[in-house]
Amino acid sequence: SASTNDERDSSGKYYSGSVVGVETVTTWTSSPGGGTWTVPAGVTTAEILVVGGAGSGGSNGGGGAGGGGLVHHSTYSLTPAGTVTVTVGAGQARTTGASQGVNGGDSVFGTLTAKGGGGGGSNGSGVMPGLDGGSGGGPNWQNSTNGGDSTQADFSGATSYGNDAGDGFEQSSPANWYSGGGGGAAGVGSNASAGTPSNGGPGQAFSISGGSLYYGAGGGGGTYGSSWSPGAGGTGGGGAGSSTGQGGDGTTYGSGGGGGGTTNGGGGAGYQGIVYAKYTPLSYDDMTLISNSTTAEATPTKGDMVCTIT
């Protein structure tokens, strides 16, 4: 869009003419140097999407990991030339042996925080439950209803996304040993039942970067043995569970790893978070410089202000 304005650039010079705005998307896949971003000239609002890093799946018949939480704000207020804290949450590496999954890292833009996804439960030295997170990590089959809950907070003017894990299922006769799938940004992990695995919750689609992409899917639940089919990863990039080996890795930003299979099958890795800011900065290309001065002149020119104090 274009309009006629008088503007001062970052060095204090005054311009007059047509202000031409060109829509821009700044993307962070790692935290910026110094941990802050300087707001461009003239930018007072931006569309923001913050995606937390995803957790890792549990091993040894483990639960699927929860996807990272999401926070979307369509008109986040900014101060031109001000600084904003930006942090990109890490995804967690694959688990090995008989170990519980690990939560992903939180992502931050200013006052908005997207929580890292919860790690999946495991049948290790003691029964380890799924962990709370942006979306909750799925429970181990022996602790089938103790999945993680979403701890994603709400923020004024924004919409937050995060859901609880699905339940696993344990039955001794006939045997059914299913671990739970992790929650996803757009829905809970499904509940397992006799003959039916627990799938990861679906991711949430956004088009802030251009094309529509999914974020924050949950990992599918593993099973303790090859007699049962593992859970599928959540729609949009969640890692699949396994029945005998390594759980699948999350493949999109904020998507959780799948639960590992029996005999110490490792849990899948969670994918890292991401942060976007979409805004329209000012351009001085089509404007005329009318004053180099940053102080009032003896004969004021356009843009100067003279105050008489008595």
Side-chain angles (χ1 to χ4, degrees), residues 54-67 92-102 117-131 136-148 165-184 188-202 217-251 255-271:
S56 51
S59 60
N60 199 35
Q92 291 298 335
R94 292 176 170 180
T95 57
T96 58
S99 55
Q100 188 178 39
V102 179
S122 175
N123 175 31
S125 54
V127 178
M128 294 174 277
L131 300 177
N140 168 262
W141 60 275
Q142 287 182 303
N143 201 4
S144 57
T145 60
N146 198 8
D167 290 343
F169 185 79
E170 179 187 11
Q171 179 175 283
S172 58
S173 182
N176 280 270
W177 297 337
Y178 294 100
S179 294
V188 298
S190 67
N191 293 332
S193 60
T196 303
S198 174
N199 301 325
T223 64
Y224 196 71
S226 59
S227 299
W228 310 282
S229 297
T235 299
S242 175
S243 56
T244 58
Q246 178 72 49
D249 298 334
T251 58
S255 290
T262 190
T263 317
N264 293 335
Y271 211 90

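This one's a predicted model, so the numbers in the text were calculated from it and none came from an experiment.
Taking CD from Q171 and OG from S193, the interatomic distance works out to 10.0 Å, rounded to the nearest 0.5 Å. To the nearest 0.5 Å, atom OH of residue Y224 and atom CD of residue Q142 are 7.5 Å apart. Taken to the nearest 0.5 Å, the CG atom of N264 stands 9.0 Å off from the CG atom of N123. How far OG1 of T96 is from CG of N60: 11.0 Å, rounded to the nearest 0.5 Å.
Among all heavy-atom pairs drawn from P139 and G166, the shortest one is CD-O, 3.1 Å. Shown here for G55 and A65, the closest heavy-atom pair between the two residues is O-CB, 3.1 Å. In terms of heavy atoms, A192 sits closest to G168 at CB-C, 3.9 Å. Closest heavy-atom contact between A165 and G137: CB-O, 3.3 Å. Shown here for S190 and P197, the closest heavy-atom pair between the two residues is OG-O, 4.0 Å. Closest approach of A54 to S255, counting heavy atoms only: CB-O, 3.1 Å.
Counting heavy atoms from C-beta outward, D167 and Y178 have side chains that stay 4.5 Å or more apart. Side-chain contact check for T223 versus W177: every heavy-atom pair is 4.5 Å or farther apart.
Screening residues 227-242 for side-chain hydrogen bond (donor to acceptor under 3.5 Å, both in side chains), with sequence neighbours left out, gives no hits.
For T95 (side chain) and G57 (main-chain N/O), a donor-acceptor pair under 3.5 Å exists by modelled atom type. A donor-acceptor contact shorter than 3.5 Å is absent between the side chain of Q100 and the backbone of G58. A donor-acceptor pair is defined here as one N or O able to donate and one able to accept, closer than 3.5 Å; no such pair exists between the side chain of S198 and the backbone of G180.
The one candidate from S179, P129, S59 that meets the side-chain contact (heavy atoms from CB on, under 4.5 Å) condition with N140 is S179.
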